[in-house]
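Note that the structure is a prediction, hence the values are computed from the model and not measured.
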Amino acid sequence: FEYEDLRLSADTIPPDGVLTAQVEVINAGKRAGDEVVQLYITYPDTSPRNPIRQLRGFIRVHLKAGESGTVAFSLDHEDLGLVNDAGQRVVERGEYRVSVGGRQPVGPATGDVLTGAFQVI
């Protein structure tokens, strides 16, 4: 499976905003198959307690050989928030990275993970 054309609905959003991420998934193989499209968030580097990345969505798609399809994810304050020391869920301001693909965004890029960025202001 290959991924193309990651599109984010905005470059900036407020802390209570919603962001949509869309990507084209292509079955480049010779047989029909299923792919689990995963979306990971990388949080602003504002605290050593922030996770490196978190899985924030996944969707299983079935595509015939050579077929492509659009997969969309919606991210809101629940998806972007982290729990602070006071036990409150907060959305930190700063740059977030969105990675969409068939695996975590680690190692060399091979076309199966695309990354984009947006700001929470």
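A donor-acceptor contact shorter than 3.5 Å links the side chain of R56 to the backbone of D79. For the pair S68 (side chain) and I26 (backbone), a donor-acceptor distance under 3.5 Å is absent.
In this structure, L82 and P51 have side chains that are in contact, with non-hydrogen atoms separated by less than 4.5 Å. Side-chain contact between F118 and L19: present, with at least one pair of heavy atoms (C-beta onward) separated by less than 4.5 Å. By the 4.5 Å heavy-atom criterion applied to side chains, L63 and V25 are counted as neighbours. Residues F1 and V37 form no side-chain contact, since every pair of their non-hydrogen atoms from C-beta on lies 4.5 Å or further apart.
For residues 5-28, the pairs satisfying salt bridge (charged side-chain N to carboxylate O under 4.0 Å, His left out) are D5-R7, R7-E24, with sequence neighbours left out. Applying the salt bridge (charged side-chain N to carboxylate O under 4.0 Å, His left out) test to residues at least two apart or on different chains, the pairs with a partner in residues 28-39 are D34-R60.
With sequence neighbours left out, A32 forms a side-chain contact (heavy atoms from CB on, under 4.5 Å) with H62. Scanning for side chain to side chain donor-acceptor pair (under 3.5 Å) contacts around E78 gives an empty result, with sequence neighbours left out. Residues satisfying the ring-ring contact (aromatic ring centres under 6.0 Å, His included) test with F73, not counting sequence neighbours, are none.
In the hydrophobic cluster analysis, where Ile, Leu, Val, Met, Phe, Trp and Tyr join through side-chain heavy atoms closer than 4.5 angstrom, V18 is grouped apart from Y43.
Heavy atoms from other residues, nucleotides or ligands lying under 6.0 Å from CD1 of I59 number more than 12.
The CG atom of N27 sits 8.0 Å away from the CD atom of E67 when rounded to the nearest 0.5 Å.
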After noting the C-alpha distance and the side-chain angles of R103 and Q38, does the key distance pass the side chain to side chain donor-acceptor pair (under 3.5 Å) rule?
-> CA-CA 7 Å; R103 63 178 173 87; Q38 303 167 41; over 6 Å; no

Pairs under 3.5 angstrom only: tabulate donor-acceptor contacts from the side chains of residues 91-100 to other protein residues two or more places apart or in another chain.
{"from": "E92", "atom 1": "OE1", "to": "T46", "atom 2": "OG1", "distance (Å)": "2.4"}
{"from": "E92", "atom 1": "OE1", "to": "N50", "atom 2": "ND2", "distance (Å)": "3.0"}
{"from": "E92", "atom 1": "OE2", "to": "T46", "atom 2": "OG1", "distance (Å)": "3.4"}
{"from": "R93", "atom 1": "NH1", "to": "I121", "atom 2": "O", "distance (Å)": "2.7"}
{"from": "Y96", "atom 1": "OH", "to": "E92", "atom 2": "N", "distance (Å)": "3.2"}
{"from": "Y96", "atom 1": "OH", "to": "E92", "atom 2": "O", "distance (Å)": "2.7"}
{"from": "S99", "atom 1": "OG", "to": "T115", "atom 2": "OG1", "distance (Å)": "3.1"}

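Across N84 and A86, no two heavy atoms sit closer than the pair OD1-N, 3.0 Å.
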